[in-house]
Amino acid sequence: MPVHNAEIAAMFDQTAELLEIEGANPFRVRAYRKAARTIEALPKSLTSLLAAGEDLSKLPGIGKDLAAKIAGILASGKFEVLQSLKRELPGELGDIAAIPGLGPKRVKILYDRLHIRTLEDLRRAARAGRIRELKGFGEKSEQRILVALGKPILTEKRFKLSVAEAEAEALIKYVKPFVGRGQIAVAGSYRRRRETVGDLDIVVTGRKTSTISDRLVDYENVSEVVAHGPARTTVILRSGLQVDLRVVPAQSYGSGLMYFTGSKAHNIALRGLANDRGWKLNEYGLFDGKRRIAGASEAEIYKKLGLAYVPPELREDRGEVARARARQLPHLVQLGDIRGDLHAHTTWSDGTATIAEMAAAAKERGYEYLAITDHSKHVTIAHGLDSARLARQIDEIERVNETLDGLTLLKGSEVDILADGRLDFPDRLLSRLDVVVASVHYKFDLSREAQTERIVRAMDNPHVTIIGHPTGRLIGAREPYEVDMERLIAAAKKRNCCLEINAEPDRLDLNDIHAQAAKGAGVKLAISTDAHATHALAYMRFGIDQARRGWLEADDVINTRSLAKLKKSIKR
DNA sequence: GCCGTTTTCGGCCCGACTGTTTTCAGTCG
């Protein structure tokens, strides 16, 4: 059973955490964390990289030492460094450190002085009033610990981007009047367009003594004020979403926005570049000594650092800094590049709009084409079409097409991939379609091997244009099924089959890393909404976000092409 | 533990807020 990348990343994170508690060199701790992030972002499994003879120490943040350790983990399934740390520091110290206000230093004090190893130990000590007696702790610390222990979940909660967007829009609407002529922006992972966000980071310009943060505290949806100072305020909304508001002077807007947009790793890389030149970069600007040499806009800071402007979606320290220096950043795909949607449902299966209504909505968006891709019969709950109904629908689409001007409906199907990889319609029918999206909708629990085989077999059918939502995940609700994405990508390339970035905000499947891997292998992608209603065609922008995070350019995306070119390029 | 068109050793991002303190360590982003 090969060790997955995610497991090795988790081992390194745990190692970092315990090393930190132990009081190890903080840069060694950071090295483990950075390596974990690198591994998480790898498009291929470490097992296959190693098998292919790749030198792992060439990966960013992974040197000779960690490369050897990874090889050891892959061979044995175990990581001796972590195991020995666990022997030294047994218990649930990681869980304890997750309590707000408790970090490695204080966890160590609790462990050394009160022998606290578990959350239960901590609860007993706090109730007995023994924590307040420790140096560096007080009554407030003890109270905060008890409150935190009383809450059901300590795990980090992340919000889907679409949900965070609704919160952000309401909040901005509330705060904006108080900003006056100043500027305001939502930064953080929200601006980087990650599929989920942990908190909202808002940057406003104004004087530090500004009343804006006071206003935030008064916002009706605030349930808790975590911190409230002149330059920074942190609150938690009723929904549980945390909001950090940062006030900077107008001449620092660019640096403040950049600092708060992150990612942290991207910022650290930029600050390192500033250091190399003897400068300093912080949220107030880029400084040569005490002199500010840039800060009002992000663009001028990147320029001074000798870099091309890096779009927020790329700021993950996944190679964008080096590419920006070499002027080789991709020209990312934009919403305006999209000429049509290749995955949409109607009242023929489980959609809420008719073919004509969907066509009108697509035309309103300025599209040249829209593929009607209703479910096939296996998806009974969605009233999937059988062969006879699909044949009738094809006639109907042709009839509607004659009434349309400027928009072409493409005849399609979202055909189910059966458990053995066969498709839910016979070839003679599939051959009449312009677009065939093949998707998995059941039997998610097949082995990795069998699931991969199933989908590859579906791609063997030359009528298949696109594999729909290739991993089946629903963000926050359903894990992706086990599948070997490297093999899927290689198989798609070989067969000239496309993969989908499903733009539905619950799916966003493929994710950024897989999309980048597909591009790297020369596979084309379709960004499709899977719309079940006319308004859902607007989800396209979430798909664009994900595609941009995957470094995709317009040429990588088939539905940026004109109808004529599209038809040519999807022919297999 | 990583990394290097000045370096294979000596650096490694930087500041705000809180609580516990009498000047600052720890935590957080």
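Quick note on labels: first sequence line is chain A, next is B, and so on, each numbered from 1. Treat the numbers as computed from the prediction; the structure is a model and nothing was measured.
Scanning for salt bridge (charged side-chain N to carboxylate O under 4.0 Å, His left out) contacts around A:Arg113 gives an empty result, with sequence neighbours left out.
Atom-to-atom, CG of A:Asn25 to C1' of B:dC12 comes out at 9 Å; the value is rounded to the nearest Å. Remark: P of B:dC13 and CG of A:Leu286 are 16 Å apart, rounded to the nearest angstrom. What separates CD1 of A:Ile145 from C1' of B:dT18 is a distance of 14 Å, to the nearest Å. What separates OH of A:Tyr32 from C1' of B:dC3 is a distance of 17 Å, to the nearest Å. A:Leu245 has its CG atom 14 Å from the C1' atom of B:dC17, to the nearest Å. Rounded to a whole Å, the CD1 atom of A:Ile301 is 18 Å from the P atom of B:dC13. Between A:Arg37 atom CZ and B:dG1 atom C1' there is a gap of 16 Å when expressed in whole angstrom units. Rounding to whole angstrom units, CG of residue A:Asn275 and C1' of B:dT7 are separated by 15 Å.
B:dG10 sits 29 Å from B:dA16 when the C1' atoms are compared, rounded to a whole Å. Comparing the C1' positions of B:dC2 and B:dT7 gives a spacing of 14 Å, expressed to the nearest Å. Nucleotides B:dT27 and B:dT21 have their C1' atoms positioned 16 Å apart, rounded to a whole Å. One C1' atom belongs to B:dT23, the other to B:dT18, and the distance between them is 15 Å to the nearest Å. Only the P atoms considered, B:dG26 is 13 Å distant from B:dT22, to the nearest whole Å. Spacing of C1' atoms, B:dG1 relative to B:dT5, comes out at 24 Å, to the nearest Å. Of the P atoms belonging to B:dC17 and B:dT8, the separation is 41 Å, rounded to the nearest Å.
For A:Lys280 and B:dG15, the shortest distance from a side-chain N or O to OP1 or OP2 is below 4.0 Å. Contact check, A:Tyr284 against B:dA16: a side-chain N or O comes under 4.0 Å of OP1 or OP2. For B:dG15, the OP1/OP2 oxygens have a side-chain nitrogen or oxygen of A:Asn282 closer than 4.0 Å.
The number of heavy-atom neighbours closer than 6.0 Å to CZ of A:Arg181, taken from other residues, nucleotides and ligands shown, is 12 or below. Remark: A:Glu479 CD is loosely packed, at most 12 non-hydrogen atoms of other residues, nucleotides or ligands lying under 6.0 Å away.
Here A:Leu270 lies out of heavy-atom contact (under 4.0 Å) with every strand. Here A:Arg246 lies in heavy-atom contact (under 4.0 Å) with sugar-phosphate atoms only.
A residue-by-residue look at A:Gly272 and A:Lys69 shows that A:Lys69 has its nearest nucleotide of DNA chain B further toward the 5' end. Mapping A:Ala227 and A:Asp65 onto DNA chain B by nearest heavy atom places A:Asp65 at the nucleotide closer to the 5' end.
At a threshold of 4.5 Å between non-hydrogen side-chain atoms, the residues A:Asp545 and A:Arg549 do not count as touching.
Ring geometry for A:Tyr219 against A:Tyr174 counts as tilted: the plane angle lies between 30° and 60°, on a 0 to 90° scale. In this structure, A:Tyr309 and A:Tyr302 have perpendicular ring planes: the angle between them is above 60°, well past the 30° mark.
When both pairing distances are held under 3.5 Å, B:dT27 makes a Watson-Crick or G-U pair with B:dA16.
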Q | Per-nucleotide protein contact string for nucleotides 19-29 of chain B (B base, S sugar-phosphate only, - none; heavy atom under 4.0 Å) | A | SSS----SSSB
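When A:Arg33, A:Arg106, A:Arg28, A:Arg30 are each tested for a salt bridge (Lys or Arg N to Asp or Glu O under 4.0 Å) with A:Glu20, only one passes: A:Arg33.
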Q. Between A:Arg292 and A:Ser252, is a side chain to side chain donor-acceptor pair (under 3.5 Å) present by the stated rule, with each step listed?
A. CA-CA 9 Å; A:Arg292 187 203 325 266; A:Ser252 301; 3.1 Å; yes
